[in-house]
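Letters go in sequence order (proteins before strands), and every chain restarts at 1.
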Amino acid sequence: MRRMSDFARLRECGRTQRHPLIILSYAENNLEHNRYGFIAGRRLGKAVKRNRARRLMREAVRCCHPNLHPGYDIVLIARTAIVGQPFEAVDAAVTNLLARAQLFTTAPVPGGAAGDRASDSY
RNA sequence: CAAGUUGACCGGGCGAUCGCGGAGCGACAAUGUUUAGCUCUGAGGAAAGUCCGCGCUCCACAGAGCACGGUGCUGGCUAACGGCCAGGCGGAGCGAUCCGACGGAAUAGCGCCACAGAGAAGCAUAUUGCCGGCCCGGACCACCGGGCCGGCGAGGGUGAAACGGCGGUGUAAGAGACCACCGGCGUCCCUGGCGACAGGGGCGGCCAGGCAAACCCCACCGGGAGCAAGGUCAAGCAGGCGCGAUGGAGUGGCUCGCUCGGCGCCGGGUAGACUGCGCGAGGCGGCAGGUAACUGCCGUCCCAGAUAGAUGAUCGCCGCUCUCGUAUCGAGAGAACAGAACGCGGCUUACAGGCCGGCUUGGAUG
RNA sequence: CGGGGCGUGGCGCAGUUUGGCUAGCGCGCUACAAUGGGGUUGUAGAGGCCCUGGGUUCAAGUCCCAGCGCCCCGA
């Protein structure tokens, strides 16, 4: 997502799920594919901390993406507790949030993304 | 060997899989925000803070004066600088070395120096004192105590700072009152140096406090804005009111000059694409000039370009640090500060750990 | 990218202009008095290395430099 108006629309009529590390906001977009947005505000710290949080969320979403329903705008907002967390914690948080929002096509296997990676390395 | 001081450098390495940004080629398909695939490439020493200086772009051709701001020993380097190099002076240290906004207060002005102290900036002062004369009291004298008048700036004391220092002459006691030497000030001359300045000599007056990092004076520098600069294209909208040539806009604090030819307020619309945008005051190596900063020549290399903003995830081996154990080995844990946004030269600040060199002082040995 | 402001007891602010004497004010806090008890009131008191580190000065909350944190404005 790269328009200010898209984010504004989601803030107006999107639905949200909360987690101590991340807040999920989502809504249907009437397209054939998903669009994603990541927000890491000044509250998290300076550039290194904010970049780190955004990259971990991006990687977690990339692993889940093949198993998600198409046609949604999905925005992940980092909270201050995410600073210093390892990838496993962020991945678990994203999987948990997407499962609670019922965006998975298949049953949300715990650590399904991890199994995907296991098949990649043999 | 130990302690110290200083300069330069590194900022884990190699490989595999899955992803992301950029450039080029591009089968199939056929003009799509083209795609699969292949090749190359993708954060730092500070990319940071944004404290200075430039390039670049626009504002007339970048102009004048004032105001304002900055810099402040000398010479050099540079595109430029508040940076760097070399030197001078002052200070700290045994020393290597380090630190210094380091022009001006007899060039002028408005000024400040609290408290304490007798007196705090000009020819200042008499508290404790020292000395002389007179008077009174005690006493055989020497002398002691008190009062009045006068002289004095040496000693004590206050303070951050008290109007030169040691010695002598002199005197009732003293004092640059006078003398020699020294320090410091002003001025003239000689020598060395481009210069700051240093060394030496003559003369003068006897001695002149500090603060300009509050204002100020002097010298030098600075036109304004900034890549959201600027340029091209596309999309979209609706006008209304007021002022209007000794005026308005470009123009920013003022005046002049120059140029342009309506301007202001309210309301309405759009905030998309391309370009600027990376061959550069560029990196590395060599040679030459220069004490050095730096410069010139030759060779060689192409080395990030995102735009809700690309560097991430997982694993193997090696290296480093710590802990534990069955201890030339094994297991576990850890590894700083920090992320390009037009580019560059500096400065400043943050930083785990490591490596190399110079110099100084002290000790031991030969 | 450019510009401006703030940081002083627990809280809100003065003082910074032109450096100096014990850094003040209001609310709050503690103790005592007054009341049967509480509030109001009165009296007394505690609480500050003036955001941090350097520098100038005899002397810095104040002047200068660097840093940290927060807030605001313009494009």
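- Here B:A313 is the nucleotide among B:A313, B:G339, B:G19 with the atom lying nearest to any side-chain atom of A:Phe87.
- Of the candidates B:G312, B:G339, B:U314, the closest approach to any side-chain atom of A:Leu56 belongs to B:G312.
- For A:Val48, whose side chain is taken as the heavy atoms from C-beta onward, the closest listed nucleotide among B:G339, B:G312, B:G309 is B:G339.
- Comparing B:A308, B:A43, B:A338 by their nearest atom to the side chain of A:Phe7 picks out B:A308.
- With a glycosidic angle no further than 90° from 0, B:A43 counts as syn.
- Nucleotide B:G42 carries an anti base; the chi torsion (O4'-C1'-N9-C4 or O4'-C1'-N1-C2) is more than 90° from 0.
- Not a single donor-acceptor pair, N or O on each side, falls under 3.5 Å between the base of B:G309 and the side chain of A:Arg54.
- With a glycosidic angle no further than 90° from 0, B:C303 counts as syn.
- Proximity of the aromatic rings of A:Phe104 and A:His69 is defined here by a centroid distance below 6.0 angstrom, and this criterion is not met.
- Comparing A:Glu88 and A:Ile39 against RNA chain B, the residue whose closest nucleotide sits nearer the 5' end is A:Ile39.
- Using P as the reference atom, B:U74 and B:C89 are 15 Å apart when rounded to the nearest Å.
- The same atom, C1', is picked in B:C182 and in B:G168; the two are 15 Å apart, to the nearest Å.
- With both ends at atom P, the span from B:C227 to B:G343 equals 12 Å, rounded to whole Å.
- The NZ atom of A:Lys46 sits 7 Å away from the C1' atom of B:G49 (whole-angstrom rounding).
- If you take atom P in B:U107 and the same atom in B:C149, they sit 46 Å apart, rounded to whole Å.
- In B:A27 the base sits anti relative to the sugar, since the glycosidic angle is further than 90° from 0.
- B:G223: glycosidic angle beyond 90° from 0, hence anti.
- Shown here, B:A225 forms a base pair with B:U57; the pair counts as Watson-Crick or G-U wobble because both key distances fall under 3.5 Å.
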